[in-house]
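A short worksheet on the structure shown next.
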Amino acid sequence: MKIVTSKTCWEYRHDAHPESPERVKLVYEYLSDKSFSFLEPKPCTETDLLTVHTKLMVDKVKTGNYADLDIPIIPRIYDYALLSAGGALLTANEAVRGNVSFCLTRPPGHHATRSHFGGFCYFNNIAIAVKSLLKEGKGKIAILDIDCHHGNGTQSIFQGKEDVLFVSLHQSPLYPGSGLESVKNCINLPLPAGTQEKDYLLKLEEALIKIKDFKPAIIAVSAGFDTYKADPLTDILLDTFTYTKIASMIKELNLPRFALLEGGYSADLPECVYRFLLGFE
Ligand SMILES: [Zn+2]
């Protein structure tokens, strides 16, 4: 198991924003105590960004010339976002080399569309990683998004693409309000507030059957941990131990796999991630 992370991800903060540096820092410290091994990513290139995003959007983040309530203007955020996307690329490459891997970076990415950002996301890390694997001819790829929020950005980027299957389990109604039904290669499995482990895992089983039928070469996971029962932003009621079960079910597909951190805002994020990793390798 390789954990891709960088202390540089802890450097930026915006007031009391829930997407805080402590999220990644505390997970890093927790995993260090458990003797995981870490890899330092390099920033991705602008060319990598442009495989997914428009030049206009890339330039907006680069110059800081943007305004969005969810997206605070942060000095050097372009550099942090490049590093997070670079982490996704490294994590995907590790998976291809046979190492199950996890990307512990921020900012997250799954709400970023081709031309718009939102929901704490600047560039769509998983989309950049998947595009790179497709370009290298690694075969069809399934993206499983288990963040509590719908991965609207990832869906919009891959909608209608035959070599990608996007499957999302998410709470509904909840930000961003999309993902109510399945369209073509994008399977959406919305869950009501108050969903507990048993019903969640039944829905995951449904998701994994769709993925198995697609016969992907690789599985990429947008791993949000805001489905945890104590998460302050959401209302799905999973326990820390549920994440081991989720990861074990993904592992049963027996495919090269990697996961990227998306959301997760509770104080128990380190244990949620740790429990996930126990089942993932
Ligand atoms: Zn989320």
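Read the numbers this way: they start at 1 and go in the same order the structure lists the ligands and their atoms. Side chains included, hydrogens not; waters and symmetry mates left out as well; all remaining heavy atoms used.
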Return the set of residues passing salt bridge (charged side-chain N to carboxylate O under 4.0 Å, His left out) with K245 (not counting sequence neighbours), or none when no residue passes.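 Here the qualifying residues are E197.
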Partner set under salt bridge (charged side-chain N to carboxylate O under 4.0 Å, His left out) for K55, not counting sequence neighbours: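 In terms of salt bridge (charged side-chain N to carboxylate O under 4.0 Å, His left out), with neighbours along the sequence ignored, K55 is linked to E46, D59.
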Less than 3.5 Å apart, any donor N or O on the side chain of Y12 or E19 sitting next to an acceptor on the other?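 On atom types as modelled, these side chains qualify, holding a pair under 3.5 Å.
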What is the name of the N/O/S atom of [X] that is nearest to the Zn ion (ligand 1)?
| X | answer |
| --- | --- |
| H149 | ND1 |
| D226 | OD2 |
| D147 | OD1 |

Should K210 and D213 count as an ion pair when the cut-off is N to O under 4.0 Å?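 Not counted as a salt bridge, because no side-chain N and carboxylate O are separated by less than 4.0 Å.
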